[in-house]
Q: 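Let me give you the structure first, and then I'll get to my questions.
Letters go in sequence order (proteins before strands), and every chain restarts at 1.
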Amino acid sequence: MNYWLVKSEPETYGWHQFIEQGRAVWDGVRNYQARNNLKAMQLGDQVLFYHSVTNPCVVGLATVVRESYPDPTEVVTLSKDGVTPKPTQWVVVELEPVLALENPVSLAQIKAEPLLANMALVRHSRLSVMPLTVDEFELILAMGQKPVGNE
DNA sequence: GCCAACGTTGGC
DNA sequence: GCCAACGTTGGC
């Protein structure tokens with residue numbers, strides 16, 4: 001079992017849309033490090049869903065329901081001979097929602113927590129798919145399920 | 001809306 | 001292979 005965090009801009013694809021659809025094809029990732037993380041995801045892995053840009057916070061928990069396969073949104077390009085398609089290089093996974101956090105865990109809270117200081121979210125703010133340690137994962141989940149005002 | 005950080009591209 | 005220019009992401 002592995003633990004991950006994925007980012008999405010709520011204006012583009014937010015948690016509520018994810019809930020309505022009940023399943024998401026996590027496409028459009030165009031960064032090698034993030035892609036390698038997608039490839040490493042396994043069925044049943046736990047994935048925190050993070051809203052970036054607007055009120056940045058972890059809003060929910062998802063799980064991997066299909067492992068990586070070529071990204072259908074990738075534009076197919078041809079090799080120099082003009083005939084052979086280049087192998088696709090980007091991948092997607094499919095996710096399903098598990099639960100919404102009662103209290104979204106803000107980036108400010110994460111930054112204020114010394115145990116979370118090593119997260120890629122803090123150290124490499126532009127990475128959109130990142131691994132978490134089990135401790136980081138469980139701590140954020142616990143923070144998100146505490147009653148309001150009890151930090 | 002601004003800006004810093006980072007990744008990618010292209011000229012040399 | 002280096003580096004400047006540029007585009008994008010994301011925090012504030």
Q: Taking only nitrogen or oxygen atoms into account, show me every contact under 3.5 Å that the protein makes with nucleotides 3-5 of chain B, one pair per line with its distance.
A:
{"from": "dA5(B)", "atom 1": "N3", "to": "R126(A)", "atom 2": "NH1", "distance (Å)": "3.0"}

Q: Relative to each other, are the rings of W26(A) and F18(A) parallel, tilted or perpendicular (30° and 60° limits)?
A: perpendicular
Q: Have a look at the helix from dG1(B)-dC12(C) to dC12(B)-dG1(C) and give the angle its two end axes make, five pairs each, rounded to 10 degrees.
A: 10°
Q: Can we say R30(A) and D71(A) salt-bridge, meaning some charged N sits less than 4.0 Å from an Asp/Glu carboxylate O?
A: yes
Q: So, Y50(A) versus W4(A), ring centres under 6.0 angstrom or not?
A: no
Q: I need the CG-P distance between N31(A) and dG10(C), as an integer number of Å.
A: 9 Å
Q: Taking only side-chain N and O atoms of K7(A), does any of them lie within less than 4.0 angstrom of OP1 or OP2 on dG10(C)?
A: yes
Q: Return no unless some side-chain N or O of Y50(A) is found under 4.0 Å from OP1 or OP2 of dG11(C).
A: yes
Q: Nearest to the side chain of K111(A) - dT8(B), dC12(C), dG10(C)?
A: dC12(C)
Q: Distance check needed: dC12(C) P versus N55(A) CG, whole Å only.
A: 12 Å
Q: Applying side-chain contact (heavy atoms from CB on, under 4.5 Å), name anything that partners R66(A), two or more places apart in sequence or on another chain.
A: R23(A), Y69(A), E94(A)
Q: Nearest-Å distance, CE (M119(A)) to P (dG10(C))?
A: 14 Å
Q: Can you check the Q33(A) CD to dT9(C) P distance for me, whole Å?
A: 16 Å
